[in-house]
**Q** 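Below you will find the structure I want to go over with you.
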Amino acid sequence: MEYNFNEIEARWQQFWETHNVYQVEIQQDKPKCYVLDMFPYPSGAGLHVGHPLGYIASDIYSRYKRLKGFNVLHPMGFDSFGLPAEQYALETGQHPATTTEKNIKTFKEQLRKIGFCYDWSREIRTSDPSYYQWTQWIFLKLYNSYFCNTQQKARPIQDLISKYELRGAMPAQGDPVEGVHFTAEEWNNFSPEQKEEKLMRRRLVYSAEGEVNWCEALGTVLANDEVVNGLSERGGHPVVKKKMRQWYLRITAYAERLLQCLDTVDFSESMKDMQRNWIGKSEGAEVEFSGATFEGKIKVYTTRPDTIFGVDFMVLAPEHALVTDITTADQRGAVNDYLSYVKTRSERERMAEVKQITGCFTGAYVLHPFNGKKLPVWISEYVLAGYGTGAIMAVPCGDQRDFSFARYFNIPITNILGSHFNGEEANPGDQIELVNSDFLNGYTKKEAVPLAIEALEKINQGKRKVNYKMRDAGFSRQRYWGEPFPVLWKNGTAYPMNESELPLLLPHVDHYSPGPEGQGPLANITEWVNIDAHTKRETSTMPGFAGSSWYFLRFMDPQNKETFCSTEASDYWNQVDVYIGGTEHAVGHLLYSRMWTKVLFDLGLIQHDEPYKKLVNQGMIGGVSEKIYRIGLNQVEEDNSYVGNSSNNMIIKWKSDINGLPIVLFPDENEEINYYLFNLSADLDISQYETSVIRTSLNMVSESILNIEKYFEGKNNKSRYEIMLCKDGYYDSRRERWFDYEKKPIEPLKFMTFQVQEKMSKRYGNVVNPDDVVIKYGADTFRMYEMFLGPIEQSKPWDTKGIEGVHRFLKKLWRLFMENGKSVWTTETPTRDELKTLHKTIHKIEQDTAQFSFNTAVSAFMVCVNELTELKCHKKEILDSLLILLAPYAPHIAEELWHQTGNTGTILDAAYPVFDAQYVQEDSKVYPVSVNGKLRTNIELSLTASPEEVQEVVLKDSVIQKWMEEKPLKKFIFIPGKMINVVV
RNA sequence: GCCCAGGUGGCGGAAUUGGUAGACGCAGCAGACUCAAAAUCUGCCGUUCGCAAGGAUGUGCUGGUUCGAUUCCAGUCCUGGGCACCA
């Protein structure tokens, strides 16, 4: 029997399916392991070879843990709500449910062929009502919860209501603020709407006004990545910020816990850094500046309260609430002008033009809290309303932006840094002893910050304050293909639906264009929206991250109709032990699902507050694109030798000489030509040309040589003329043949392309479909090759060249069992050498698999098979163990050979071989011996030899003596089991 | 600008805590088998000097620590990823 991988793989895939070998149930007596891949979105493009990288890794790990005796949960499902399906529906009129269904089918078929061990009986889809019922249910839980600041956890909103009824909401100290605080009596007299309004300020999902990207021409709201340079990606229409009522997820309440708990999870440091960065915790102070020209005060947030004596002015965000109140009569005109200027500026522009300094004086002054100095109050777009208090104290000598601002508007600068400030640029250093700073003189930042805060607290003008950069997450989308909100609106107040009324089904729509006033398509179904004269449904839907924030829990108990996930299941399966996916979800999905988990934990619905114990990030597999150089067509030579314009595809004139390189003499001057392209072979010195780079398709290039016929296939535009320039000649596309530079016909030359690594994408024509690889080499080869490519977390290009080697390895393995179609394996007793090879491999594979070092594991397999081949080992005892080690990596061939040697059942139920150190012990070692650190020779020595014996033998060695050149021995370094160094 | 990761043959990449740099594979070269091809097998394969034995040199660059540095330290350059008027 030959290694017929296609036949073998199909057979075992069938076997695993019919015997349900991957189906798992709770087994209390067995340790569990939960291995999860990041939820894929079933895009229409299907899988390319980059996608399965993580899936293969998780599959190997799952099978490994199973062989090690764990009850392994390894499910797969689909994040099937989302924008692309809706976009496709908009274009083709096909219902997203239909296309999604089709895409999932393709996806599953592709996954099946690679032989993954998913328990498909647990498959879930976020767009399935039996799933989103529970997404809506959790939404209601979030809605009906608030974050208790005292206990730092989520609690039922009812607790808050009880508290308000008893004690109201009064400040711990100081005077109550109008509109914020209220007494119990006031609360009890509030109307239901007023109460709702107060509660909405505490709910974990809440409704509020927010800004969206509004595109008037398309009549719709756009996602950030649909907006390019202030214009819509489709159609290039202007996009403006528009205020609209939105739902928000109060993730900021969890900022501190999300930050703290990072210490308890096993994520890569860079991943943690990204999350820390996003949360953006900073410690500083809130400082109050009393108005000198107006009643009231301005609050600022600063991380550098130590520089308080360097404050020369204040800057408010133009949107700051106080701006209109404090502006003086004579500055009102200027301020209004500036405000209308800011309104014309998109957020993008405000962020892009860093160098242009703008601002306006309000005419108002505040008083310095310590020295009473009058400080002017400015407004400027460089201060953002959404961060801190929307106001800053400007310290020009220490902050570059403040410095530039002061300079531009001629505001005098106070120097509190002495000689460390040169008057030319700000010095933000924090190791500088302060001067000119009253009671802070002589201190550096570290001591001055607490002193400054203490002093501010004493005069009641400031306090220590922790700030977070993170914002609440927008939770509504003006779209169709998502979860409907279980919320009713009555006279502008939101009322949640009852849990028993769930699921609120997504109604069918006939078309997917937006509703009126920027609402989602659901707004068009008036009979669904309008329940009665006063009651309307919410018309937006939930974002993609709603369904994916808790799916790992549903996998534990996917068919449960009573609850989102039974306690029995969530207690047993608990955290995801290993979560594998790309870094693109570093901040979004991971933070949201961490937050949801914490809320569910706080409400006592699950017993753990972090979803993922360990996170493994797979690198991207880049596609290799073959490109060619093209002479920039807009080039005009001094002698007008050619003039081109790529936009209207016209070349007006052409003369022979291009900068002296291989001279091209083209067509007769009187030949009528209206389109020229000059392509350059990569082996030309292209540095002297002004070139652009164009892409070719993979199917027209092999080994970086362009197939000219294929390249011109389908380009039947006769008026289009392409000249392919090589070193020794050129190809003329109209004459369809090669010429040398004397214009004499010649044999075909090689036109070289060059490779560029870029994202694998259908658009780039560099997509490699795993199906093709599987047909040609088999799933086992494909799996092992993807792992062999390099460390899992590293990005690397896909290059099919190396796959042969892995395939050869499997064939070589096969020959240990079968040769010329006959079994050659035996039941003889293994020799010591054979056992040594085996146990060395057991040790290495186990270690590498456990720490996700799959590339080195594949190498170790190769080494093992090479050695066994060398030893002519065909012994079942050795080979069976090897098969078990290999089963996670190449499950089909392992299963096949496992049965060939007479075993029954699936190899997945075998016991993992146990490493025995006695087989790999050596009694001597060939030591590298260096003289003065330079390796000179190797000497074999017994491992039991004493240092004295070793020294004696080594110093007698003729090579060593030669290199010692009779110099006296200074030091003798002997590291047992490692090396020897003779120092003279 | 800030934060993180990484620079090793023609290529993908290996190298425990500082201890033989280049495992394994690809590509290449030479050979065996074959009418031939495929498949398979054997040998060579960083650079350089040398017929060889053997030497010199070599992990982005410049220094340092050490008997010994791809590994540790300082500086520097480059590449990739993330964040960015964030006070």
Side-chain angles (χ1 to χ4, degrees), chain A residues 2 268-278 280 282 284 300-304 307 315 317 350-357 380-384 386-395 398-402 404-405 428 467-471 583-584 586-587 617 619-620 622 703 755 757 784-785 788-791 793-809 811-812 815 819 847 853 855-866 869 926-938 959 970-975 977-984:
Chain A
E2 290 305 311
S268 70
E269 268 314 303
S270 63
M271 182 61 54
K272 288 185 183 182
D273 278 332
M274 274 189 239
Q275 296 206 359
R276 287 190 190 113
N277 235 311
W278 188 263
S282 66
V300 303
Y301 174 73
T302 178
T303 51
R304 293 296 300 270
T307 61
V315 188
R350 277 177 68 171
M351 298 209 294
E353 289 171 46
V354 177
K355 283 167 196 85
Q356 193 186 331
I357 297 161
S380 173
E381 58 180 340
Y382 84 86
V383 176
L384 302 181
Y387 189 78
T389 60
I392 63 160
M393 58 178 220
V395 183
D399 182 284
Q400 190 54 43
R401 283 186 328 267
D402 298 347
S404 311
F405 193 88
N467 200 49
Y468 300 91
K469 189 159 79 179
M470 184 165 68
R471 309 259 59 95
T583 44
E584 66 271 21
V587 282
N617 289 114
M620 295 220 292
E703 287 172 15
Q755 298 190 333
Q757 197 193 324
M784 290 196 89
Y785 182 57
F788 189 56
L789 241 29
E793 67 281 359
Q794 220 165 76
S795 291
K796 53 228 151 193
W798 174 262
D799 181 359
T800 330
K801 273 185 211 151
I803 200 165
E804 290 284 348
V806 175
H807 193 60
R808 264 174 228 158
F809 154 75
K811 287 200 274 187
K812 201 164 175 179
R815 284 197 302 272
E819 203 127 28
Q847 202 173 297
S853 177
N855 57 325
T856 51
V858 176
S859 293
F861 280 123
M862 289 173 169
V863 172
C864 176
V865 167
N866 287 347
T869 304
V926 179
Y927 279 92
V929 185
S930 305
V931 178
N932 286 341
K934 282 200 195 296
L935 179 73
R936 295 303 178 191
T937 189
N938 290 302
V959 179
K970 207 161 135 199
K971 201 170 178 186
F972 188 83
I973 294 158
F974 170 56
I975 316 284
K978 292 272 186 204
M979 48 72 70
I980 293 158
N981 190 12
V982 181
V983 186
V984 295

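Chain naming here is simple, since letters A, B, ... match the order of the sequence lines and numbering starts at 1 in each. The analysis underlying the following values was restricted to heavy atoms, covering all of them including side chains, and did not include hydrogens, waters or symmetry mates.
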**Q** With a 3.5 angstrom cut-off on both distances, give the Watson-Crick or G-U wobble partner of U79(B), or none if there isn't one.
**A** A5(B)
**Q** Between C73(B) and U65(B), how far apart are the two C1' atoms, rounded to whole Å?
**A** 7 Å
**Q** I'd like the P distance from A52(B) over to C45(B), given in whole Å.
**A** 13 Å
**Q** Quick one: Asn467(A) CG to A87(B) P, roughly how many Å, whole number?
**A** 9 Å
**Q** Considering only the P atoms, how many Å lie between A14(B) and G68(B), rounded to the nearest integer?
**A** 28 Å
**Q** Any strand is fair game: report the nucleotide pairing with G18(B) by Watson-Crick or G-U wobble, both distances under 3.5 Å, or none.
**A** none
**Q** Each nucleotide N or O in nucleotides 16-21 of chain B that has a protein N or O under 3.5 Å away: list the pair and distance.
**A**
from: U17(B); atom 1: O4; to: Lys978(A); atom 2: NZ; distance (Å): 3.3

**Q** For Tyr785(A) and C11(B), what is the distance between atoms OH and P respectively, to the nearest whole Å?
**A** 15 Å
**Q** Kindly label the base of G81(B) as syn or anti, based on whether its glycosidic torsion lies within 90° of 0.
**A** anti
**Q** Answer yes or no: does a side-chain N or O of Gln794(A) lie under 4.0 Å from OP1 or OP2 of G6(B)?
**A** no
**Q** Can you name the one residue among Ile980(A), Asn938(A), Thr937(A) that meets side-chain contact (heavy atoms from CB on, under 4.5 Å) with Pro928(A)?
**A** Asn938(A)
**Q** Quantified in whole Å, what is the P atom distance between nucleotide C2(B) and nucleotide A21(B)?
**A** 38 Å
**Q** Could you pull out the protein-nucleic contacts involving nucleotides 40-46 of chain B (nitrogen or oxygen on both sides, under 3.5 Å)?
**A**
from: U40(B); atom 1: O3'; to: Arg815(A); atom 2: NH2; distance (Å): 3.3
from: C41(B); atom 1: OP1; to: Arg815(A); atom 2: NH2; distance (Å): 3.4

**Q** C72(B) pairs with which nucleotide, Watson-Crick or G-U wobble, both distances below 3.5 Å?
**A** G64(B)
**Q** Provide, to the nearest angstrom, the distance between the CD atom belonging to Gln400(A) and the C1' atom belonging to C86(B).
**A** 16 Å
**Q** By nearest atom, which of the nucleotides G13(B), A15(B), C67(B) is closest to the Thr856(A) side chain?
**A** A15(B)
**Q** From A14(B), C85(B), A56(B), pick the nucleotide closest to the side chain of Tyr382(A)?
**A** C85(B)
**Q** Suppose we screen for salt bridge (charged side-chain N to carboxylate O under 4.0 Å, His left out). Which residues come up paired with Glu804(A), at least two apart in sequence or across chains?
**A** none
**Q** Testing the 3.5 Å rule here: is there a donor-acceptor pair between the side chains of Lys812(A) and Asn866(A)?
**A** yes
**Q** For Trp278(A) and for Val983(A), locate the closest nucleotide of RNA chain B by heavy-atom distance; then report the residue assigned to the nucleotide nearer the 5' terminus.
**A** Val983(A)
**Q** Under 4.0 Å: is that the gap between some side-chain N or O of Lys934(A) and OP1 or OP2 of U57(B)?
**A** yes
**Q** Please give the nucleotide sitting opposite G46(B) as a Watson-Crick or G-U wobble pair, both distances under 3.5 Å, or none.
**A** U57(B)
**Q** When the nearest nucleotide of RNA chain B is assigned to Ser270(A) and to Thr302(A) on a heavy-atom basis, which residue is associated with the more 5' position?
**A** Ser270(A)
**Q** Report the base-pairing partner of C33(B) (Watson-Crick or G-U wobble, both distances below 3.5 angstrom), or none.
**A** none
**Q** Out of A87(B), C3(B), C85(B), which nucleotide sits closest to the side chain of Asp273(A)?
**A** C3(B)
**Q** Under 4.5 Å between any side-chain heavy atoms of Leu384(A) and Tyr382(A), yes or no?
**A** no
**Q** Given A14(B), is OP1 or OP2 found less than 4.0 Å from the side-chain N or O atoms of Asn855(A)?
**A** yes
**Q** In Watson-Crick or G-U wobble terms, both distances under 3.5 Å, what is the partner of C11(B)?
**A** G25(B)
**Q** Determine the interatomic distance between P on C3(B) and the same-named atom on A56(B); round to the nearest Å.
**A** 43 Å
**Q** Atom CZ of Phe788(A) to atom C1' of A27(B): distance rounded to whole Å?
**A** 13 Å
**Q** Whole angstrom is fine here: how far is it from CG in Asn277(A) over to P in C4(B)?
**A** 10 Å
